[in-house]
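Here's the structure, in structure tokens; my notes come after.
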Protein chains: 2
Amino acid sequence: MEFHLHRPDEKIRPALQEKIDNLTKPKGSLGRLEDLALQIGWIQQTLTPSLHKPHNILFAADHGIVEEGVSTSPKEITWQQVLHFLKGGAGVNFLCHQHHFQLDIVDAGVDYDFDHHLALWDQKVAKGTHNYRYESAMSDEQMESCLQRGAEVVSHVHNQGCNVVSFGEMGIGNTSSSSIWMHYFAQIPLQQCVGAGSGLDHAGIQHKYQVLQEAIDHYSGDKTPYDIIRYFGGFEMVMAIGGMLRAAELGMIILIDGFIMTNCILAASQLYPEVLCYAIYGHSGDEVGHQLVLKHLKAQPLLQLNLRLGEGTGAICAYPILESAVHMIHEMDSFQKAEVTKYFDV
Amino acid sequence: MEFHLHRPDEKIRPALQEKIDNLTKPKGSLGRLEDLALQIGWIQQTLTPSLHKPHNILFAADHGIVEEGVSTSPKEITWQQVLHFLKGGAGVNFLCHQHHFQLDIVDAGVDYDFDHHLALWDQKVAKGTHNYRYESAMSDEQMESCLQRGAEVVSHVHNQGCNVVSFGEMGIGNTSSSSIWMHYFAQIPLQQCVGAGSGLDHAGIQHKYQVLQEAIDHYSGDKTPYDIIRYFGGFEMVMAIGGMLRAAELGMIILIDGFIMTNCILAASQLYPEVLCYAIYGHSGDEVGHQLVLKHLKAQPLLQLNLRLGEGTGAICAYPILESAVHMIHEMDSFQKAEVTKYFDV
């Protein structure tokens, strides 16, 4: 599937910077809010940026690799948590409610037959991926289908007026796929990419590392980004990539959550590097390797709250800071208007 | 003036921790939100904590030390900014508006005659402090008056139903007082306590350091916390101390802003150490020395957004994270209710 991304035009930057510098404060004294205002204005190509109808799109799927004992949590947690999200009592629910996010829950490939009456977006590609310890997680057709369906979900929310989107995930086993992608795409030794996931102890992490190393050793594909994504991916993760690429095509702001989603945008950037211009990183989490992949991406997340829940929670928590940046540019007076002596250091 | 503070009772902690651990997430996976929920429940002595009617009380005053050239900004900025806050176009205004804070602007001792019709809380002690390069910044009576007036303002907002309060400040020259307090109360060499304020260059910082060192050398008081606060203080800062102590007396949550307010609670803790139990640190700023004083207090601010504006902005930006902690405890389901298999690592 083809996407058509471009970098936002640089021409607007000086005017945006001047507008921000002329607000009644010492130059730079609103720190990251000023950086965000600049980035959002640049993405939107306007001196009057705005945020509309934020969505958190939560893709859920199962992973064949879980058969190898790479997670403390049983596979059944995936479908149970999907039902839990639908009922409204999970971590992501209270945060969506607090920050006025619409929550879209997408079955990308959960190994469970959900009741068709549920408010669940049915995009099931298959009932979980194959076990990439022995074979490719998905076929070419499944990969294409994931990219396309992820893109379609984003087009749909964009049509509803959304211009800022975060992505969440639920899929027991998906830190394993993330670690392998990170290893290949950020050229970081696998050992440093493998962490505790939802709560492995030291021996568990060591076992997970060995399984993943064996999977890599067994892999005999062409090592193109496309093939690595396909071979080691999860359906929910590839749909997120499709969603991110479409969001960038449409000039939307992409709010990045934790370890999994950081590796999804890393993978997306292997296909279309321009996608990174549209990304704002919400949260730097506890998972070993997250710091490393963020550093590789030169990303500075807005929050460090030691969250390790996924679901989009870290991204959503950061949203009020984006809103502050936009409010700043609209609601603060300029020095001229305020009749305040311009600070000497401006 | 006497305050009557006590540590919140520890007995409630195990029940609070159990409630938090039994929410549908891997144990600890909501990180700082869980810590905050515990602290807020502990302060409020309840398993159902809540936040009501947040206020940002912004004290403004002038400083005699400015005559010594310790700031890049002219003294007139203080009164101009007060008018600017009242008009609504400053940094603090958009953040109060965004996060539904009531903004109370208090003239603690600005060197300007404000129009009495303004919505300004007149608590002016004098038109600025004396220059502590040569003499005590304020008299005993002025110090007492500041503590009392700060406390009264907090009592007033508490009576309006407020149970969470942040403090802001506006006072050209007040990083100098902060640096000296920090030097004495955190036992940190003065050189490490002195920074750029609103924008000094290297030579300016060196000059500021020399002026403050001379002030310390000239000081011949009894070196009790009370005397150091009085001698080197600012009216707005001592009012904030009175406000913080009253807030703790009343069991309110105290949200700490940047460098100045961190040094105010440090100073307050020299008088009544229990005040620290009630403090939540909003933001770790750029000012040299802020990191050091936070470390001394074993404080871990919620945000690091490179803000250096003061006014309460860093504290207010962090408020949604407190709200998230409270929403978490009320809105997330327990494992029993959700019928989700308890994660193995809980």
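Chain letters run A, B, ... following the sequence lines, proteins first and then strands; every chain starts at 1.
- Environment of NZ in A/Lys19: crowded, with over 12 heavy atoms of neighbouring residues, nucleotides or ligands closer than 6.0 Å.
- Across every non-hydrogen atom of B/Arg308 and A/Gly28, the tightest pair is NH2-C, 3.8 Å.
- Between A/Gly31 and B/Leu307, the shortest heavy-atom distance links the atoms N-CD2, 4.2 Å.
- A/Glu311 CD to B/Ser29 OG: the interatomic distance, rounded to the nearest 0.5 Å, is 8.0 Å.
- If you take CG on B/Leu302 and CD on A/Gln304, they are separated by 11.0 Å, rounding to the nearest 0.5 Å.
- B/Leu30 touches chain A through backbone and side chain together, each having a heavy atom under 4.5 Å away.
- One distance of note links CD of A/Glu34 with CG of B/Leu305; it measures 11.5 Å at 0.5 Å rounding.
- In this structure, chain A has a heavy atom under 4.5 Å from the side chain of B/Leu303, while its backbone stays farther away.
- Between A/Leu95 and B/Ser324, the closest side-chain pair of non-hydrogen atoms falls below 4.5 Å.
- Between the side chain of B/Gln98 and the backbone N or O of A/Pro320 there is at least one donor-acceptor pair closer than 3.5 Å.
- Looking at B/Leu23, there are no atoms closer than 4.5 Å to chain A (heavy atoms on both sides), in backbone or side chain.
- When each of B/Val326, B/Ile329, B/Leu33 is checked for a side chain to side chain contact (heavy atoms under 4.5 Å, CB included) with A/Phe94, only B/Leu33 meets the rule.
- Aromatic ring orientation, B/His327 versus A/His97: perpendicular (interplanar angle above 60°, classes split at 30° and 60°).
- Within the model, atoms NZ of A/Lys25 and CG of B/Leu309 stand 8.5 Å from one another, a figure rounded to the nearest 0.5 Å.
- Between chain A and the options B/Asn93, B/Asn306, B/Asp35, the largest number of non-hydrogen pairs under 4.5 Å is found for B/Asn306.
- Counting heavy-atom neighbours within 6.0 Å of A/Asp115 CG, excluding the residue itself, gives a total above 12.
- Under a cut-off of 6.0 angstrom, the local environment of CD in B/Gln102 is crowded, with over 12 non-hydrogen atoms contributed by other residues, nucleotides or ligands.
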>> For B/His84 and A/Asp333: C-alpha separation, side-chain torsions, deciding distance, then whether side-chain contact (heavy atoms from CB on, under 4.5 Å) applies.
In response: CA-CA 9 Å; B/His84 190 203; A/Asp333 284 339; 3.7 Å; yes
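- Listed here is the closest heavy atom pair of B/Thr24 and A/Ala90: OG1-CA, 4.4 Å.
- Neither the backbone nor the side chain of B/His330 comes within contact range of chain A; no heavy atom of the residue lies under 4.5 Å from a heavy atom of that chain.
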